[in-house]
There are 2 protein chains.
Amino acid sequence: MTDTRAYHHGDLRRALLAAALEAVEEVGPAALSLRDLARRAGVSHAAPAHHFGDKAGLLTALAAQGFDLLAQTLTEADDDLLEAGVAYVDFAVTRRAYFEVMFRPELYRADDAELIAARGRAGTALRSGVAALSGGGAPADTDRDSLAAWSIAHGFATLWLAGALPDRVGDNPREAARAVLRRLST
Amino acid sequence: MTDTRAYHHGDLRRALLAAALEAVEEVGPAALSLRDLARRAGVSHAAPAHHFGDKAGLLTALAAQGFDLLAQTLTEADDDLLEAGVAYVDFAVTRRAYFEVMFRPELYRADDAELIAARGRAGTALRSGVAALSGGGAPADTDRDSLAAWSIAHGFATLWLAGALPDRVGDNPREAARAVLRRLST
DNA sequence: AGCGCAATCTTGTCACTGACAAGTTTTACG
DNA sequence: CGTAAAACTTGTCAGTGACAAGATTGCGCT
């Protein structure tokens with residue numbers, strides 16, 4: 001593990017993604033620097049290009065990974081729509097770097113096959129929670145319900161991350177999200 | 001008007017902001033280049049710095065202008081909460097460049113006095129619409145109601161801009177937003 | 001075992017960018 | 001009319017992404 005002199009890093013791709021997560025959390029996805037990632041991983045400035053092609057390639061990999069994690073998170077809370085919404089907000093806050101990349105398609109290759117597949121899985125998980133709750137309603141209603149649920153959760157998460165919410169909301173995202181998301185069902 | 005040789009541009013600050021709006025719509029706020037703006041305005045590469053200090057200064061001015069426009073838009077639709085929500089989404093879509101800068105505080109100076117004032121005006125306009133509708137409810141309810149209304153409108157707008165919504169939603173943002181926002185009140 | 005080849009990584013370079021410094025031209029004001 | 005400030009230019013520097021070419025390493029094949 002300590003042979004930092006090895007010519008081959010061994011697990012550079014993974015190391016770069018991990019470094020990217022850190023860097024995105026520190027400076028945001030746009031200000032990400034491939035050369036900085038290379039420095040963090042202890043390799044030359046051109047090494048990242050070999051694994052990801054370019055910056056967009058790296059962010060595409062990050063986004064795809066993020067959609068998979070989100071799909072997994074949503075599936076776990078699938079039986080309770082309110083808790084699924086809370087989980088969505090929680091994902092955005094605790095895995096901020098993923099979330100911020102995922103919804104900035106101008107930074108990555110939105111036509112990447114793996115990415116599209118992962119995004120599809122997340123979308124399915126999202127819709128299935130709403131379908132389970134609304135029971136035997138018409139499909140058109142499920143469409144609109146899931147869109148509304150997604151919108152309110154996504155909006156709250158985005159506003160939270162942007163620091164746009166007033167101070168009185170507090171500093172507990174799960175709690176605050178629950179209070180707001182409840183307004184949808186009543 | 002055709003004396004393009006004049007040493008003094010005459011209205012460079014305004015011209016740069018207009019060029020910035022165009023550029024942001026084309027490449028996004030992060031990929032904005034001050035040197036490109038200078039070229040669009042026909043001035044030297046260092047001219048923008050004189051008016052805005054740096055890139056963050058320019059985006060701060062854009063964001064403040066955006067919050068003022070949003071406040072104005074919301075005030076005009078103040079009597080109908082649903083229409084105010086639709087107006088919010090419409091603002092995001094038709095004045096995309098403003099909207100995208102406004103909610104990316106890491107790109108500008110969030111402690112700027114003018115910006116804070118403009119953001120405050122927008123927030124007041126937003127809350128007053130909800131307060132008018134909910135009538136004599138408790139203030140705490142108004143807080144949560146306005147947060148919920150803001151979240152769902154903001155979420156839908158953000159997802160629309162990110163191209164994350166499924167195709168079946170259609171291509172008319174106002175119509176689609178109305179259908180989704182209605183779910184909040186029922 | 002060892003040979004060759006592909007994968008991995010490095011060094012070098014180029015155009016572009018933001019920021020800063022110093023100089024030049026114009027306007028405004030007393 | 002003259003001088004100081006405002007508006008803009010030229011020049012420069014370090015950092016960045018992308019690309020090209022070369023060095024090193026590991027792996028499959030015989």
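In what follows, chains carry the letters A, B, and so on, assigned in the order in which the sequence lines appear, proteins first and then strands, with residues in each chain numbered from 1.
Whole-Å rounding puts the A/Leu59 CG to D/dT16 C1' distance at 15 Å. Look at CZ on A/Arg35: it is 12 Å from C1' on C/dT10, rounded to the nearest Å. When the C1' atom of C/dG18 is taken as reference, atom CG of B/Asp36 falls 14 Å away, rounded to whole Å. Rounded to whole Å, atom P of C/dC20 lies 7 Å from atom CG of B/Asp54. One can place CG of B/Leu58 at 15 Å from C1' of C/dA19, the figure rounded to the nearest angstrom. Distance, A/Leu107 CG to D/dT16 C1': 16 Å, rounded to whole Å. Atom pair B/His50:NE2 and C/dT27:P shows a separation of 14 Å (rounding to whole Å applied).
Looking at the side chain of B/His51, the nearest of the listed nucleotides C/dT10, D/dC8, C/dA19 is D/dC8. Relative to the side chain of A/Leu34, the nucleotides D/dA18, C/dG18, C/dT11 differ in distance, and D/dA18 lies closest. You'll find that the side chain of A/Lys55 is closest to D/dG17, out of D/dG17, D/dC8, C/dG18. Among C/dT10, D/dA18, D/dT9, the nucleotide with an atom closest to any side-chain atom of A/Ala47 is C/dT10. Side chain of A/Ser44, nearest nucleotide from C/dT11, D/dT9, D/dA18: C/dT11. Distance from the side chain of B/Ala46 is smallest to D/dT10 among D/dT10, D/dA18, C/dT10.
Across all strands shown, A/Arg13 has no heavy atoms under 4.0 Å from either base or sugar-phosphate atoms. Within 4.0 Å of A/Leu37, counting heavy atoms only, lies no atom of the nucleic acid at all. B/Gly10 comes within 4.0 angstrom of sugar-phosphate atoms only, judged by non-hydrogen atoms across all strands, and of no base.
In terms of position along DNA chain C, the nucleotide closest to A/Val43 lies nearer the 5' end than the nucleotide closest to the other residue of the pair A/Val43 and B/Gly53.
Side chains of A/Phe91 and A/Tyr98 form a contact here, defined as non-hydrogen atoms less than 4.5 Å apart.
At least one side-chain nitrogen or oxygen of A/Arg39 sits closer than 4.0 Å to the OP1 or OP2 atom of D/dT16. Between A/Ser33 and D/dG15 there is no side-chain polar atom (N or O) within less than 4.0 angstrom of OP1 or OP2.
The aromatic rings of A/His154 and A/Trp150 lie perpendicular to each other, with more than 60° between the two planes, well past the 30° mark. B/Phe103 and B/Phe99 have tilted rings, their planes meeting at an angle from 30° to 60° on a 0 to 90° scale.
The base of D/dG15 is not paired with the side chain of A/His45 by any donor and acceptor separated by under 3.5 Å.
In this structure a side-chain-to-backbone donor-acceptor pair under 3.5 Å is missing from B/Tyr88 to B/Leu126.
Surrounding CZ of B/Arg14 are at most 12 heavy atoms belonging to other residues, nucleotides or ligands under 6.0 Å away.
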